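Predicted, not measured: the structure shown is a model, and the values here were computed from it. We count ligands from 1, going down the list as the structure has it; atoms in each ligand are counted the same way.
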Amino acid sequence: MNGVPRSERLHIALFGRRNVGKSSLINALTGQEVAVVSAVAGTTTDPVYKSMELLPLGPVVFIDTPGLDDDSILGRLRMEKTKAVLRQTDLALLVITPENPWGPLEEELTAVLAKENIPFIILLNKSDRLAGRDALTKNPALPKTPLVEVSALTGEGITDVVAALVKLGKEETEQRSLVDGLVKAGDVVILVTHLDQAAPKGRLILPQQQVLRAVLDRAAIALVTRETELAQTLNKLTSPPSLVITDSQVFGQVNTALPADVPLTSFSILYARYKGNLNRFYQAVQTIKDLDDGDRVLIAEGCTHHRKEDDIGTVQIPKLLKKRTGKQLSFDHVSGGFFAADLTGYKMVIHCGACMLNRREMAYRQDLAGEKGVPMVNYGILLAYLHGILERALKPFAGELGELAGQRRFRDEFLR
Ligand SMILES: Nc1nc2c(ncn2[C@@H]2O[C@H](COP(=O)(O)OP(=O)(O)OP(=O)(O)O)[C@@H](O)[C@H]2O)c(=O)[nH]1
Ligand SMILES: [Mg+2]
């Protein structure tokens, strides 16, 4: 896991009509033949992802999409795929050419980008063809967003595209840190890992690596230990740590070993907050008490993976939830990039930690569930709740969650 995971990369997607040169541009930008180019309209049928380092911006993934002006049934299917890309897009490149006027399709696309708060640049491709260019660039209907003239064919203007992307992407890449508001320079932070049979050999899992890096980025001091050496670690310190972050599985043990006034949370709670809106997850978890016989629960995972016997989504969570509520619940499962748009009939959505999804995608999913009025919790929050440790694990975020640590109702409902 030494490469930057795709979910952590800035997602830059190209949109536009068929044949405007989106695929040619992605090839020119990446310097590789990653996408098929042809004079036939509708060549690209599926989104194409290409990861690369775009210095000084850092790790990005370029996404080529099918052209949007295809009214055929197949075209509409492709449109759905393009919409799914839109949900992940951090920066958009809207491609036009001198041959196509700025029209309703471009208007619609800009409206969507504006609504979704996606910064974008207009690329006037095929600038090697002069005809029609002036009429286009002087068109008052053009949105006030940077316009770059470029030719994927000759390569002219490609460096300008990169420069414009860098400018636009700077703000987007100043990403929130996993430990925002929790860790400051000089703090001592203990990370507790649980290395059982299920742990991958020879490395730490991604969320742990990322938290470790986030702590170091804050110029804080990170100590990594297993739960079995935690007491020893604490004994060697001259004062208590500023924060302890633990694997959920050993939260109980760590909870007991630590003085009550030492802030304690879990990797999965940090991750839930990093990927989504913690407050919303917290609101949603409170509705577990409303679950009733016959209710349907959707369990959604961001990626497909090989399911082991005690798979968390299909086995562990349904079992724990049935046990806690004592109700007859039925469970459906979805996984992969596609998230069921039809949430009708579900009483609750339980989402995975989303380590394979980017923040935009997760925000979309939370919004969608919110619009449909279906509470959506995630694995980390749910398991903390089911294991009766949510109160302490959320205490470090009390300010964000509205003084939750002091709320009696919260304590009564969540701690048995
Ligand atoms: N003259 C000129 N032709 C270009 C340029 N960029 C692309 N083309 C040509 O335009 C045609 C379409 O290019 P593609 O890159 O396949 O276009 P696309 O937008 O990906 O098309 P779809 O996948 O069908 O949506 C090809 O014949 C390219 O060679 C350019 O800058 N100048
Ligand atoms: Mg194409």
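When each of L147, L14, T110, I121 is paired with L94, the side chain to side chain contact (heavy atoms under 4.5 Å, CB included) condition holds for T110 and for no other.
Where the criterion is an N or O separation shorter than 3.5 Å, residue side chain and backbone included, G67 meets it with respect to ligand 1. For a threshold of 3.5 Å applied to N or O pairs, the pair formed by G42 and ligand 1 contains at least one separation below that value. Considering both main-chain and side-chain atoms, S151 comes within under 3.5 Å of ligand 1 through a nitrogen or oxygen pair. Considering both main-chain and side-chain atoms, V37 never comes within under 3.5 Å of ligand 1 through any nitrogen or oxygen pair. Considering backbone and side-chain atoms alike, S127 places every N or O at 3.5 Å or more from each N or O of ligand 1.
Considering only non-hydrogen protein atoms, atom 6 (N) of ligand 1 sits nearest to N125 ND2, 3.2 Å. Looking from atom 8 (N) of ligand 1 to the surrounding protein, the closest heavy atom is K126 CE, 3.6 Å. Looking only at heavy atoms of the protein, atom 19 (O) of ligand 1 is closest to K22 NZ, 2.7 Å. For atom 32 (N) of ligand 1, the nearest non-hydrogen atom of the protein is D128 OD1, 2.8 Å.
In S38, the part holding a heavy atom less than 4.0 Å from any atom of ligand 1 is the backbone. Here A152 has heavy atoms under 4.0 Å from ligand 1 in both its backbone and its side chain. Contacts with ligand 1 closer than 4.0 Å are made by heavy atoms of both the backbone and the side chain of V20.
Residues Q249 and D196 meet the side-chain proximity criterion, which asks for heavy atoms closer than 4.5 Å.
At distances below 3.5 Å, at least one donor-acceptor pair connects side-chain atoms of S127 with backbone N or O atoms of V150.
The Mg ion (ligand 2) has T44 among its coordinating residues (N/O/S atom, backbone or side chain, under 2.8 Å). The Mg ion (ligand 2) has no N, O or S atom of T65 closer than 2.8 Å.
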